[in-house]
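Order of the sequence lines fixes the chain letters, A, B, ..., with proteins taken first and strands second; residue numbering starts at 1 for each chain.
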2 protein chains.
Amino acid sequence: MASISIQKTGSVASEGHDDPRGRILSAAGQEFAEKGFEAATIRDICTLATVNVAAVNYYFGDKHRLYIESVRHAHEERSQQVPLPEWVDGTPPVKKLRDFVGNMLQRMLGFDHPPWQVRLMLREILHPTDACRELVEDYIRPHFTVLCSILDELTDGEMSPPELRRIGLSVVGQCFLYRAAGDVVGMLIPPNEKKNLHNPVDLADYITSFCLAALGQQNPLSVEVARK
Amino acid sequence: MASISIQKTGSVASEGHDDPRGRILSAAGQEFAEKGFEAATIRDICTLATVNVAAVNYYFGDKHRLYIESVRHAHEERSQQVPLPEWVDGTPPVKKLRDFVGNMLQRMLGFDHPPWQVRLMLREILHPTDACRELVEDYIRPHFTVLCSILDELTDGEMSPPELRRIGLSVVGQCFLYRAAGDVVGMLIPPNEKKNLHNPVDLADYITSFCLAALGQQNPLSVEVARK
DNA sequence: AATCAATTAAAACGGCTGTTTCAAACGGTG
DNA sequence: CACCGTTTGAAACAGCCGTTTTAATTGATT
């Protein structure tokens, strides 16, 4: 009588527009992404999902478990929205790096303003909660591992794994800034400059060049060669 | 009768431990930094500041204006806690860049865990509100301008201002990742690796080297020189 | 000592929150 | 049709929130 059994619809019909659980998950993701866990209200979520407030308790138990599930739902959706590129054998690592950076920027920045899935994941990265560990293991680490293996290939195995990881973080950091601090970046540079230089394509070319130059795989950005 | 005049103590005694306005400002900064604007409560702030709840309304009007003031207070304090380095004429730009990166990392990461001032500013950068414009103009832009002028000096005026800004963002991005996504970074790399390679000093050396190599001002990180 | 503005204190007020209750509606199954 | 577990709906609950009110206290000035 008092024992509440929480429903789990892990498999089918979870995407249909007449599936209440899916609608709640999607609405919650958007609200949590925009306002954060505290500021988002169950009533707003349920209004957006066109369900009764009691439905959250019925399907998820409470607000916290709804949040956990919506983060999981977000990175699962985003994984298949923007999958990692696949390369045929013999693809030069330089091209792989360029593809990876382009892929990462597209996944982070999106075409116009980024989808709520990314913004929700970003919140979890910036202020980790219980949902973070799964996000890292299932989403972030696989991507980071691919990056490090590309860098390993690129440097012909000269670098140790710690060094590769540090370089990988340099690559990620340059992309991450535009996503996490994009508003401030937009305030620091003139508006037209943002359109000309800071679009995903040119940015991917630039960041790739910057890293390749640092690794000695192409000419430095500045034409003047090392002085000493 | 109903007209409330908000107190402004812009000048003296604002730092004393028996100044209620200063205590509220400090307590609010810590609470906002840890929990964010919505989750932080006026009651908790006032308990921490050992003042009555009515004091917030008396000194600041409402919660929102208290937040704005506490962000201002945070970056004013942080400006004099970690001032920009000053260089004598003739200092080589390579040293200036290394100093700047070290200074930025120290300001962002702090010695142990970063002070609440930085975390509060970070929140404002990630999810800008009304307090962001002033933060950018008074704190971030001056630092960024210095960085760009160092890069200009470093490249002997070969780069256009937009290019300099883009390179500057590459420098900032590599530092910013450790601050904003430090928890996730810590989950991606082994614990001992974090202590060995990811401390402020070694990180500053590495990031400086990475950028100098990219700009052709020192040998690339990988010993193998450009192939083509 | 008396006066008066500045400051502090305690209590209360709506309003909104997450959550729960309980009954009504639904939808297959015998 | 009758049955019964599943799902939905409207309303209410207790609790905390930001803010305000009202009164007491302070502290310097006359």
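Taking atom CD of residue B:E38 and atom P of nucleotide C:dG15, one finds them 19 Å apart after rounding to whole Å. Spacing between atom CG of A:D62 and atom P of C:dT21 amounts to 14 Å, rounded to whole angstrom units. When rounded to the nearest whole Å, the span between NE2 of B:H64 and P of D:dG18 equals 14 Å. Rounded to whole Å, the distance from OH on B:Y58 to P on C:dT7 is 3 Å. Regarding B:D44, its CG atom lies at a distance of 9 Å from the P atom of D:dG18, rounded to whole Å. At whole-Å resolution of the value, CG in A:D19 and P in D:dT6 are 17 Å apart. Atom CD1 of A:I24 and atom C1' of D:dT7 are 11 Å apart (whole Å). Across the protein-nucleic acid pair, B:E31 atom CD and D:dC17 atom P stand 11 Å apart, rounded to whole Å.
Distances were taken from every side-chain heavy atom of A:N52 (C-beta onward) to each of C:dG18, C:dA10, D:dA10; the shortest belongs to D:dA10.
Annotation: of the two residues near DNA chain C, B:V53 and A:R43, the 5′-most nearest-nucleotide partner is B:V53.
A:A40 comes within 4.0 angstrom of the backbone, heavy atoms only, and of no base. Counting any heavy atom pair closer than 4.0 Å across all strands shown, A:A54 reaches a base atom.
Classified by interplanar angle (parallel below 30°, tilted 30° to 60°, perpendicular above 60°), the ring pair B:H127/A:H127 is tilted.
With hydrogens and angles ignored, the 3.5 Å screen pairs no side-chain donor or acceptor of B:E124 with any backbone N or O of B:L120.
Regarding contacts with the backbone of C:dT19, every side-chain N or O of A:N57 stays at 4.0 angstrom or more from both OP1 and OP2. OP1 or OP2 of C:dT8 lies within a sub-4.0 Å distance of a side-chain N or O belonging to B:Y59.
The shortest non-hydrogen separation linking A:A49 to A:A27 is CB-CB, 3.8 Å. Between A:R107 and A:V118, the shortest heavy-atom contact is O-CG2, 3.3 Å.
Side chain to side chain, B:H73 and B:E77 meet the donor-acceptor criterion of an N or O pair below 3.5 Å.
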